Amino acid sequence: MELKGILVPLVTPFAADGSVALDALEKLAGSLLDEGASGLVALGTTGEPAVLTADERQAVIGVCAAVCADRGVPLLVGAGGPGTAAAAEELAGLAGRVPGVAGALVTVPAFVRPGEAGTVAHFRALAEASSVPLVFYHIPYRTGQQLSGAALLELAALPGVVGVKYATGGVDQAAVELLASAPAGFSVLGGDDAVLAPLLGLGAAGGILASAHLATAHWVELAEAWRAGDAARARALGHRLAGLAVAAFAAPNPAVVKGVLHAQGRIPTPDVRLPLLPAGPAEVERVLELLSGLDH
């Protein structure tokens with residue numbers, strides 16, 4: 001499996017009665033792929049998995065798996081947790097629950113801060129138990145766990161680990177070291193939307209971006225421009241998309257993205273579930289203005 005280009009971590013749309021709007025999810029997933037997204041992520045943080053019931057999570061996965069199978073593109077599923085044994089058990093059964101799933105997106109253990117050696121041991125155990133390839137999600141401002149370039153390269157070398165969603169809040173020394181020495185077949189995917197462009201410039205394979213629900217084709221163009229070596233086009237587009245990304249995260253994710261999708265008529269409500277609150281009108285309007293400007 002080669003992961004590259006722009007993958008979208010899907011929101012979970014809610015109907016007016018509070019239920020999951022599976023029909024809207026199916027249409028949204030298809031439209032993002034029509035605009036050039038190379039794959040989808042179900043039950044990433046953007047999908048609010050922590051506030052979905054087990055039945056809702058399985059229904060969301062089923063819809064996403066069907067759409068991806070129909071289009072022949074990879075589906076990653078958010079899975080795992082800070083406890084190694086429970087995460088390993090979940091990953092061992094994932095392929096059976098989701099036929100055709102390409103891999104699992106698994107966050108570095110949050111809150112417990114096991115250290116670099118503990119983090120590597122955790123992922124070694126998960127990779128050995130998992131029925132699908134793993135993409136680890138490095139986001140230290142949520143997990144509390146920093147990782148050096150050496151630790152990242154050790155994780156990248158584990159059998160069964162095929163990529164990383166890299167979201168450290170910027171392009172740091174560890175990212176430079178990882179991109180310089182990552183093994184063949186390992187994909188570095190940017191996870192901080194506003195700094196995707198410089199990460200692509202250093203050789204990242206693509207990104208997993210909540211902002212790519214919006215202006216999907218432009219994000220795809222950005223990745224393709226860097227891949228083609230068209231730095232001038234990529235640099236100009238990257239600056240414009242960085243501004244869009246900042247605005248899309250003006251409220252806790254995915255509130256603004258959902259507000260914009262609702263304003264565009266693509267999902268039935270802008271609703272999120274507590275403890276999140278919906279984005280304000282000004283936040284949504286600012287993104288709509290920036291989207292309009294991208295096409296002029």
Side-chain angles (χ1 to χ4, degrees), residues 3-11 28-41 44-46 73 139 141 165-172 175-176 179 187-267 270 279-296:
L3 295 171
K4 63 180 181 179
I6 303 300
L7 290 83
V8 184
L10 283 164
V11 299
L28 178 63
S31 70
L32 295 170
L33 296 175
D34 287 343
E35 292 182 56
S38 59
L40 301 174
V41 179
T45 307
T46 306
V73 300
I139 182 165
Y141 51 85
K165 179 178 179 182
Y166 198 86
T168 64
V171 180
D172 54 12
V176 174
L179 285 161
S187 298
V188 177
L189 302 167
D192 283 312
D193 304 31
V195 295
L196 178 68
L199 206 62
L200 290 170
L202 287 171
I208 299 176
L209 310 175
S211 299
H213 284 87
L214 317 171
T216 310
H218 290 288
W219 287 106
V220 171
E221 180 187 357
L222 176 66
E224 291 178 346
W226 277 117
R227 191 175 300 117
D230 189 347
R233 180 163 63 101
R235 190 175 295 114
L237 182 56
H239 286 312
R240 297 165 73 192
L241 288 173
L244 174 68
V246 170
F249 283 83
N253 187 50
V256 177
V257 170
K258 278 190 157 184
V260 174
L261 290 172
H262 173 62
Q264 294 174 329
R266 301 171 70 188
I267 60 175
E283 294 160 336
V284 173
E285 184 59 35
R286 176 57 180 157
V287 174
L288 291 169
E289 290 174 359
L290 290 170
L291 286 171
S292 178
L294 280 175
D295 295 320
H296 296 89

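Quick caveat, the model's predicted, so the values are computed rather than measured. Just the heavy atoms: all of them, side chains too, but no hydrogens, waters or symmetry mates, feed the values below. Residue numbers start at 1 and run along the sequence shown.
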Taking all atoms of both residues into account, what is the closest heavy-atom pair of [X] and [Y], and its distance?
X	Y	result
A247	L290	CB-CD1, 3.6 Å
A167	Y141	O-CE2, 3.2 Å
L294	A215	CD1-CB, 3.7 Å
L40	A29	CD1-CB, 3.7 Å
K258	P270	CB-O, 3.8 Å
S187	L3	OG-O, 2.7 Å

So which pairs with a foot in residues 244-257 pass side-chain hydrogen bond (donor to acceptor under 3.5 Å, both in side chains), sequence neighbours left out?
-> T46-N253
Considering only heavy atoms from C-beta outward, does the side chain of [X] approach that of [Y] to under 4.5 Å?
X	Y	value
L244	L291	yes
W219	L209	yes
R266	L32	yes
R233	E221	yes
I6	T216	no
R227	K4	yes
Y166	L189	no

To the nearest 0.5 angstrom, please state how far the [atom1] atom of [X] sits from the [atom2] atom of [Y].
X	Y	atom1	atom2	result
I139	K165	CD1	NZ	6.5 Å
E283	L288	CD	CG	12.0 Å
I208	T45	CD1	OG1	10.5 Å
E35	L214	CD	CG	9.5 Å
R235	L222	CZ	CG	11.5 Å

Given V8 and V41, is the side chain to side chain contact (heavy atoms under 4.5 Å, CB included) satisfied, shown in steps?
-> CA-CA 6 Å; V8 184; V41 179; over 6 Å; no
SB check R286 E289 (cutoff 4.0 Å) | yes
Is H213 reaching over with its side chain to a backbone N or O of V11, donor-acceptor style, under 3.5 angstrom?
-> yes
Please list, one pair per line, the donor and acceptor atoms closer than 3.5 Å that link side chains of residues 193-205 to other protein atoms, with sequence neighbours excluded.
{"from": "D193", "atom 1": "OD2", "to": "A210", "atom 2": "N", "distance (Å)": "3.4"}
{"from": "D193", "atom 1": "OD2", "to": "S211", "atom 2": "N", "distance (Å)": "2.8"}
{"from": "D193", "atom 1": "OD2", "to": "S211", "atom 2": "OG", "distance (Å)": "2.7"}

